[in-house]
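From a predicted model like this one, the values you see are computed outputs, not experimental measurements.
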Amino acid sequence: MAFEAIVGILRGEKHIFINTVVITRNSFLDGAKIADVDFKQRKITLFGVVSNHSDKHHKNKYIIHDNHFYFNPALDFVLSANDILVVFG
């Protein structure tokens, strides 16, 4: 699904956008697993997560300064306050 969104952006389709969402402390996303978030209901697709904590089990991890970017994180990935969701819609 993320691949389809990327293709749409590259083709210039106006109904597809990329955006970021910062997780605030004590929000419903703070401490939630990716599997617990209904992205379809919100009509968005998760592309990745920028986080300052390291998940040693995640294979698609890239270092960005003092953070990590997790491309297409696993369903058991736990979100934390100050994580940044990169989403398509």
Side-chain angles (χ1 to χ4, degrees):
M1 191 67 169
F3 178 75
E4 292 171 0
I6 292 170
V7 170
I9 289 172
L10 294 174
R11 289 183 180 165
E13 295 177 18
K14 303 259 187 249
H15 66 278
I16 297 177
F17 63 90
I18 187 168
N19 208 344
T20 58
V21 177
V22 178
I23 298 175
T24 56
R25 185 166 309 285
N26 298 321
S27 71
F28 76 98
L29 293 173
D30 187 9
K33 292 182 181 180
I34 295 292
D36 298 333
V37 182
D38 190 355
F39 291 99
K40 277 189 175 184
Q41 177 189 3
R42 291 168 174 77
K43 297 183 181 3
I44 57 176
T45 300
L46 180 65
F47 180 69
V49 177
V50 178
S51 181
N52 62 6
H53 67 273
S54 180
D55 183 344
K56 296 178 182 178
H57 303 291
H58 198 281
K59 296 178 183 177
N60 297 325
K61 175 175 67 173
Y62 306 92
I63 297 174
I64 303 174
H65 301 288
D66 294 333
N67 294 309
H68 298 86
F69 175 73
Y70 297 94
F71 172 73
N72 196 22
L75 293 176
D76 64 348
F77 185 94
V78 178
L79 301 168
S80 300
N82 299 316
D83 283 356
I84 301 170
L85 306 180
V86 181
V87 297
F88 291 110

Trainee: Could you tell me which residues satisfy side-chain contact (heavy atoms from CB on, under 4.5 Å) with Asp38, sequence neighbours excluded, listed by chain and number?
Mentor: Lys40, Gln41, Arg42

Trainee: Measuring from Phe47:CZ to Phe39:CZ, what's the distance to the nearest 0.5 Å?
Mentor: 13.5 Å

Trainee: Which donor-acceptor pairs under 3.5 Å do side chains of residues 78-89 form with protein atoms, sequence neighbours excluded?
Mentor:
| from | atom 1 | to | atom 2 | distance (Å) |
| --- | --- | --- | --- | --- |
| Asp83 | OD1 | Ser51 | OG | 2.7 |
| Asp83 | OD2 | Ser80 | N | 2.9 |

Trainee: Go through the structure and list residues passing side-chain contact (heavy atoms from CB on, under 4.5 Å) with Ser27, not counting sequence neighbours.
Mentor: Ile23, Thr24, Leu29, Asp30

Trainee: Taking atom CG of Asp66 and atom CD1 of Ile64, what is their separation to the nearest 0.5 Å?
Mentor: 11.0 Å

Trainee: Please report the shortest heavy-atom distance between His53 and Phe77, naming the atom on each side.
Mentor: NE2-CZ, 3.8 Å

Trainee: Which residues pass the side-chain contact (heavy atoms from CB on, under 4.5 Å) test with Leu75, sequence neighbours left out?
Mentor: Ile34, Ala35

Trainee: What are the two closest non-hydrogen atoms of Pro73 and Gly48, and how far apart are they?
Mentor: CD-CA, 4.0 Å

